[in-house]
Amino acid sequence: MESPELGFTLAYIVFSLCFVFTPNEFRSAGLTIQNLFSSWLGSEDLGFIQYHVRRTSVTVLVHSALPLGYYMGMCIAAPEKKLGFIHQVDGLWRAFLLLSLCLHLASWALVIYWSHSHWCSHPISWTLQVHIQPPHSSWGAVASSINREFRRIDKFATGAPGARVIVTDSWVLKVTTYHVYMALQSECHVTVTESRQHQLNPDSTSPTQILTLRVNSINPAVKSFDIRLNSTEFAEFSEKLNSPIRTSANVVIYQTISELFLETFSAQVDLNQPYILPSGQEIESCIGCMQVPANTKLVRLCCTQTDNDSDCQQCFCRPMWCLSCLGRWFASRQDQQRPETWLSSRVPCPTCRAKFCILDICVVR
């Protein structure tokens with residue numbers, strides 16, 4: 001194989017793999033099915049099901065055309081082979097061309113079959129049909145229910161456009177390149193089956209833990225499917241899911257640095273001298289979360305002798321924050337690249353800006 005032919009082959013293989021699996025660089029450049037065909041696909045927010053029916057159909061057509069695109073590109077990269085003259089090419093290239101044409105024509109036939117009767121033969125439509133039950137009388141009504149819930153801003157959604165996990169008020173959805181898996185929350189149970197630790201993470205200095213969760217439905221017609229989440233998203237996912245999540249015996253879910261810090265922060269504050277609330281003074285709700293009573297008071301108790309710019313100061317604010325919110329404030333003011341310094345640092349009071357350290361935080365009694 002000559003050098004231009006080899007170079008084109010390697011380049012086309014790399015391009016095809018990147019186009020199918022879509023790394024971040026291709027998404028940034030707009031080389032995705034969603035971006036290239038955005039005018040025909042429409043808006044995902046306006047019609048989630050209809051959007052992905054069209055997206056998966058276009059994806060099948062485009063991906064099936066990649067072998068044919070290689071042959072056409074080779075006609076230009078290796079003109080001496082005269083691949084443009086079908087009657088002159090050798091048997092292997094002719095067989096490759098025939099297989100490429102058959103694959104692409106078969107994909108067209110498949111998409112045309114899916115599109116009959118308003119796409120009722122599409123695999124996504126079949127998946128919707130197994131969820132038909134009161135109050136939904138048809139798969140279109142099920143699709144409308146999913147569309148409405150997807151438009152709500154309180155849904156949980158994570159992952160790349162072609163590999164997303166979405167949890168709405170009633171549904172657990174997994175979007176893949178060629179399909180959308182779905183299960184009713186009221187009919188499914190979720191189990192954490194595996195966890196993997198990845199040491200190399202370009203966005204963080206700490207390792208990343210990827211969890212694999214199996215979604216099973218009590219409806220026998222609904223296929224089970226796996227979803228993958230970063231452990232940092234597990235708490236938000238669990239909060240949106242109505243049913244409890246089971247964990248396999250051999251799986252350990254590691255906490256994030258922030259969660260570990262909040263545990264240590266609370267344990268250290270419990271060792272400090274408590275603050276006795278004066279008689280007649282009432283406790284108000286925490287102004288951070290407005291969910292629980294304020295239960296902390298800043299009192300200068302440390303005796304560290306350092307320069308005046310870094311010394312702790314007396315705070316005269318009344319109890320206004322709960323321990324959890326004050327811990328999150330404390331963590332947010334730290335150098336995220338140096339977690340080993342968090343407990344020994346000083347931060348300004350979120351209300352009056354007086355500097356304090358962890359030894360100055362008192363639990364209200």
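We use all heavy atoms of the structure for the numbers below, so side chains are in, but hydrogens, waters and symmetry mates are not. Here the structure is a predicted model, which is why all the values come from computation and not from measurement.
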- prompt: Sub-3.5 Å donor-acceptor pair from the side chain of Thr296 to the main-chain atoms of Leu323, do we have one?
  reply: no
- line: Nearest heavy-atom contact between Trp321 and Gly288 is CZ3-CA, 3.6 Å
- prompt: Between the main-chain N or O of Phe330 and the side-chain N or O of Gln334, is there a donor-acceptor pair closer than 3.5 Å?
  reply: yes
- request: Would you give the length of the straight line joining atom CG of Leu66 to atom CD1 of Ile13, rounded to the nearest 0.5 angstrom?
  value: 12.0 Å
message: Whether the side chain of Asn242 engages the backbone of Ser186 through a donor-acceptor N/O pair (distance < 3.5 Å, no angle test) should be reported.
response: no
query: Can you name the nearest heavy-atom pair linking Ile33 to Leu41, along with the distance?
result: O-CD1, 3.9 Å
query: CD1/Ile287 to OG1/Thr351 distance, rounded to the nearest 0.5 angstrom?
result: 4.5 Å
Phe150/Trp171 under side-chain contact (heavy atoms from CB on, under 4.5 Å): CA gap, chis, key distance, verdict: CA-CA 9 Å; Phe150 181 80; Trp171 298 90; over 6 Å; no
- prompt: Do any N or O atoms from the side chain of Arg151 and from the backbone of Leu46 form a donor-acceptor pair under 3.5 angstrom?
  reply: yes
- request: Please lay out, stage by stage, how Ser125 and Trp114 fare under the test side chain to side chain donor-acceptor pair (under 3.5 Å).
  value: CA-CA 9 Å; Ser125 301; Trp114 285 349; over 6 Å; no
task: Evaluate salt bridge (Lys or Arg N to Asp or Glu O under 4.0 Å) for Asp169 paired with Lys240, printing each intermediate quantity in order.
output: CA-CA 7 Å; Asp169 293 338; Lys240 188 62 180 176; 2.6 Å; yes
statement: In short, Thr56 meets Val53 closest at the heavy-atom pair OG1-O, 3.1 Å
- prompt: At what distance, to the nearest 0.5 angstrom, does CD of Gln34 lie from CZ of Arg27?
  reply: 8.5 Å
message: Looking at every non-hydrogen atom in both residues, tell me the closest pair between Cys362 and Leu301 and how far apart they are.
response: SG-CD1, 3.5 Å
message: Same cluster or not: Phe21 versus Phe26, using hydrophobic residues (I, L, V, M, F, W, Y) connected whenever any side-chain heavy atoms lie under 4.5 Å apart?
response: no
Donor-acceptor pair, side chain of Lys155 and main chain of Glu149, under 3.5 angstrom: no
field: Centroid-centroid under 6.0 Å between Tyr70 and Phe8 rings
entry: yes
message: Under a plain distance cut-off of 3.5 Å, with no hydrogens placed, do Thr177 and His63 share a side-chain donor-acceptor pair?
response: no
- prompt: Quick one: CD on Glu236 to CG on Asn230, what's the gap to the nearest 0.5 Å?
  reply: 11.5 Å
Distance-minimising heavy-atom pair for Val172 and Cys188: CG2-SG, 4.2 Å
query: Out of Glu282, Glu284, Gln281, which residue meets the side chain to side chain donor-acceptor pair (under 3.5 Å) rule with Arg318?
result: Glu284
query: Is a donor on one side and an acceptor on the other found under 3.5 Å between the side chain of Thr127 and the backbone of Pro123?
result: yes
- request: Could you go through the side-chain contact (heavy atoms from CB on, under 4.5 Å) check for Leu68 and Leu97 one step at a time?
  value: CA-CA 7 Å; Leu68 188 60; Leu97 176 61; 3.8 Å; yes
query: When you look at Glu44 and Arg164, which way does the side-chain contact (heavy atoms from CB on, under 4.5 Å) test go after all the steps?
result: CA-CA 13 Å; Glu44 184 184 38; Arg164 303 175 69 193; 2.9 Å; yes
- prompt: So, for Ala294 and Ile283, which heavy atoms are closest and what is the spacing to 0.1 Å?
  reply: O-CG2, 3.1 Å
message: Tell me whether the rings of Tyr12 and Phe15 are parallel (<30°), tilted (30 to 60°) or perpendicular (>60°).
response: tilted
query: Which value, rounded to the nearest 0.5 Å, describes the distance between Arg346 atom CZ and Ile358 atom CD1?
result: 12.0 Å
message: Please evaluate residues Cys349 and Cys317 with respect to the criterion side-chain contact (heavy atoms from CB on, under 4.5 Å), reporting the C-alpha separation (whole Å), side-chain torsions for both, the decisive distance (0.1 Å), and the verdict.
response: CA-CA 9 Å; Cys349 167; Cys317 299; 4.1 Å; yes
- request: Would you kindly say whether Arg148 and Ser144 are connected by a side-chain donor-acceptor distance under 3.5 Å?
  value: no
message: How about OH on Tyr181, more than 12 heavy atoms from neighbouring residues, nucleotides or ligands closer than 6.0 Å, or not?
response: no
